[in-house]
Each structure stands twice: as structure tokens, then as C-alpha cells.
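Values below: every heavy atom of this structure, side chains too, minus hydrogens, waters and symmetry copies. The chain is numbered in sequence order, starting from 1.
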Amino acid sequence: MTSRPPFTRQWQEAAERNHSALCVGLDPEPSRFPAPWTNDPLRLFDFCAAIVDATADLVCAYKPQIAYFAALGAESQLEQLIAHIRKAAPSVPVILDAKRGDIGTTAEQYAREAFVRFNADALTLSPYMGFDSVEPYLRYPERGLFMLCRTSNPGGADLQTLPIANATAGASAHLGFELLFERVARLATLDWNHHGQNGLVAGATNPADIERIRAIAPEAPLLIPGIGAQGGDLAATVRAARGHFLINASRSVLYASPGRDFVDAARREARRLRDAINQEAHAAALAHPAP
């Protein structure tokens with residue numbers, strides 16, 4: 001494991017330098033690669049590295065999804081990709097999207113995989129086994145942790161919006177309950193946030209719930225999927241997120257063109273998204289100036 005600056009500092013400096021709140025997800029699907037790479041699992045690195053080279057000055061983070069590499073036995077290409085990001089965009093942090101959620105020595109090994117083997121700057125976690133599933137990752141205080149809170153998929157409401165009695169905090173506390181995702185937000189960013197490294201995953205498809213999260217965790221970094229291919233409302237999301245956020249886009253950038261111009265198309269789409277986010281953030285700041 002090589003020494004890296006704290007994730008929070010890297011991310012904030014990259015955001016300021018590149019004038020960007022855009023995180024590009026690296027989810028390589030060989031069936032969608034342009035010819036002659038189509039359906040070639042040996043080209044995961046080549047495809048993703050080309051995207052990184054085209055967008056390095058437009059993003060605040062990259063988020064490779066481990067499953068797209070592991071399913072093809074291509075973890076070595078993921079290691080190669082992260083090493084390439086260190087060279088091509090040395091100050092842009094890497095968030096490993098793995099959504100780990102086990103406990104005990106298994107969680108210790110997952111943490112070692114993320115932070116030692118892959119040397120990622122941050123990791124996505126599922127906190128639904130409670131503090132036991134989070135504690136092993138807290139032993140790496142300079143690495144960021146993004147915990148699933150209110151996700152962008154429709155099925156997220158099956159559990160995440162369930163009311164819990166006897167609330168002690170949250171937007172619904174005055175009614176005697178809070179929603180499960182509100183409890184997660186409070187635990188992750190207050191009770192468990194021993195080193196100030198914890199953030200939350202909050203989907204752009206639920207901007208009203210992002211507002212509820214912000215009532216509990218006004219300063220927490222939010223990793224926000226759901227813009228682009230999932231159809232989240234960018235303006236509503238930026239208004240709700242207020243400040244510390246990363247908006248993730250994957251397929252809309254990676255597959256902006258199916259042809260050999262995919263690199264130029266990816267850069268155009270990343271620039272468009274970055275500028276659109278900035279425009280909405282400026283409009284939100286004018287509408288609701290800081291006190």
C-alpha cells in the first residue's frame with residue numbers, strides 16, 4: 001500500500017482544480033466496446049484508460065466498479081487501471097465501487113483488498129449489518145467510505161423508506177419515527193464517523209429524500225448516482241444536495257458513441273455534464289445564498 005493523501009483532501013482539491021463535481025464511473029462492458037475491441041475481455045484496461053485520458057481534467061473522481069472486472073477474471077486489469085489513473089490523473093481520487101457489507105475477519109480482508117491490493121482512495125459499503133460491517137474499514141482513517149443510504153434503484157424503497165419507531169433524529173422525528181435511510185444517515189455520519197471519513201450514497205432519482213438526508217448530515221459528502229442513463233433530475237438533485245457532493249455518470253459517458261470516436265464523444269459528454277452541474281449549482285447558490 002503506497003501512501004496517499006486523505007481522500008477528502010484529494011477530492012476537494014480535484015473538484016476545485018477541475019471546476020468539477022463530476023465522478024465518472026468505469027463500468028466496462030466488452031459487448032459495448034467499439035470495433036475492433038467489441039467482445040474482447042482483454043481490452044477492459046485499454047477502454048477505461050482511454051476514457052481516463054480523455055476526461056482527466058473534467059472530473060473530481062473516478063469510480064471503477066469491481067464486478068465488471070472480477071466477473072471476467074480481470075482484476076489484474078483493474079490494478080493496471082488504477083495505476084494508470086495515478087499517472088494520468090495523479091491528483092484525482094479513485095473510489096472503488098464494491099458495496100461490501102460483511103463482518104469480522106471477512107470484512108478485514110475486503111478492506112485489505114480495497115485499500116492495500118487496489119490502493120483505492122475510497123470504497124462503497126453496505127451498512128445493513130450494522131457497525132460490525134463498518135468498523136474494519138475505519139482502521140484506514142485516510143480512506144473515504146460511502147455507505148449506501150437512499151439508492152437510485154426502484155427497489156431501494158422496499159427497505160430504505162420503512163418507518164422506524166422511537167426516532168432520536170431525522171426529518172420525521174417530531175412524528176415519533178424516522179425512515180430507515182434517515183437512521184443510516186445519522187449512524188454513518190455522526191455515531192460511526194470517528195475520523196470524519198464517512199459519506200453517503202444518495203440517488204438522484206429521489207431528490208426529496210436527499211433533502212431529508214441533508215437535514216441530518218449537512219456537511220457529509222454525497223456520492224450521487226442516477227443522473228444520465230437512469231434519468232435523475234439534475235437541477236432538483238443539485239438543489240437538494242447543497243455543497244459537498246459528487247455526481248456520478250457511467251454509461252452516458254462511457255458509451256456516448258458506439259464508434260471509433262468514443263473517446264471524443266466521452267470527453268464531450270463529460271464536459272457537458274460537468275458544465276451542466278456547475279450551472280445548476282450556480283443557480284442554486286443564487287436562489288439560496290449562504291447566510
Side-chain angles (χ1 to χ4, degrees), residues 7-8 11-12 15-16 20-23 60-61 63 95 122 124-128 134 144-154 156-157 159-164 167-228 230-249 273-274 276-291:
F7 165 76
T8 300
W11 155 55
Q12 292 176 339
E16 182 176 352
S20 180
L22 175 64
C23 171
C60 66
K63 184 175 70 65
I95 303 169
T124 58
L125 297 177
S126 174
Y128 286 91
V134 173
L145 303 175
F146 286 96
M147 301 184 201
L148 301 180
C149 184
R150 182 66 178 100
T151 57
S152 58
N153 61 304
L159 296 177
Q160 294 162 14
T161 59
L162 292 177
I164 303 173
T168 59
S172 305
H174 67 286
L175 300 176
F177 69 88
E178 65 183 341
L179 304 181
L180 180 57
F181 76 82
E182 292 179 301
R183 177 73 61 86
V184 169
R186 178 169 56 80
L187 289 171
T189 63
L190 299 176
D191 297 30
W192 301 343
N193 200 13
H194 300 166
H195 309 293
Q197 70 197 103
N198 296 351
L200 301 166
V201 177
T205 50
N206 304 292
D209 291 338
I210 294 177
E211 291 186 3
R212 298 171 77 112
I213 290 168
R214 273 294 181 233
I216 297 166
E219 299 298 326
L222 299 184
L223 177 60
I224 304 177
I227 293 293
Q230 294 185 57
D233 185 325
L234 179 60
T237 297
V238 171
R239 287 196 302 270
R242 298 197 307 275
H244 298 94
F245 61 84
L246 308 84
I247 291 183
N248 182 77
L273 278 171
R274 182 199 66 170
I277 295 166
N278 289 342
Q279 182 177 355
E280 296 298 346
H282 181 67
L286 290 178
H288 301 284

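The two atoms that bring I213 and A185 nearest to each other are CG2-CB, 4.3 Å, heavy atoms only. Taking each heavy atom of A21 and C60 in turn, the nearest pair found is C-SG, 3.7 Å.
Side-chain atoms of L145 and F7, non-hydrogen and from C-beta on, never get closer than 4.5 Å to each other. Contact check for T151 versus F181: no side-chain heavy atoms found under the 4.5 Å cut-off.
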- Check step by step if side-chain contact (heavy atoms from CB on, under 4.5 Å) holds for L246 and I95. CA-CA 11 Å; L246 308 84; I95 303 169; 4.0 Å; yes
- Message: I'd like to know whether R239 forms a side-chain contact (heavy atoms from CB on, under 4.5 Å) with E211, so could you lay out the CA-CA distance, the side-chain angles of the two residues, the decisive distance to 0.1 Å, and finally the verdict.
- Response: CA-CA 9 Å; R239 287 196 302 270; E211 291 186 3; 5.7 Å; no
- Task: Apply side-chain contact (heavy atoms from CB on, under 4.5 Å) to T161 and N206, showing your working.
- Result: CA-CA 11 Å; T161 59; N206 304 292; over 6 Å; no
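Listed for the R214 side chain is a donor-acceptor partner under 3.5 Å among the backbone atoms of A217. When atom types are taken as modelled, the side chain of E182 and the backbone of I216 share no donor-acceptor pair closer than 3.5 angstrom. Put simply, the side chain of S152 never gets that close to the backbone of G203: no donor and acceptor are under 3.5 Å apart.
For H282, the NE2 atom counts as loosely surrounded, since its 6.0 Å shell holds 12 or fewer non-hydrogen atoms of other residues, nucleotides or ligands.
When the salt bridge (Lys or Arg N to Asp or Glu O under 4.0 Å) test is applied to R150, the partners found at least two apart in sequence or on another chain are D209.
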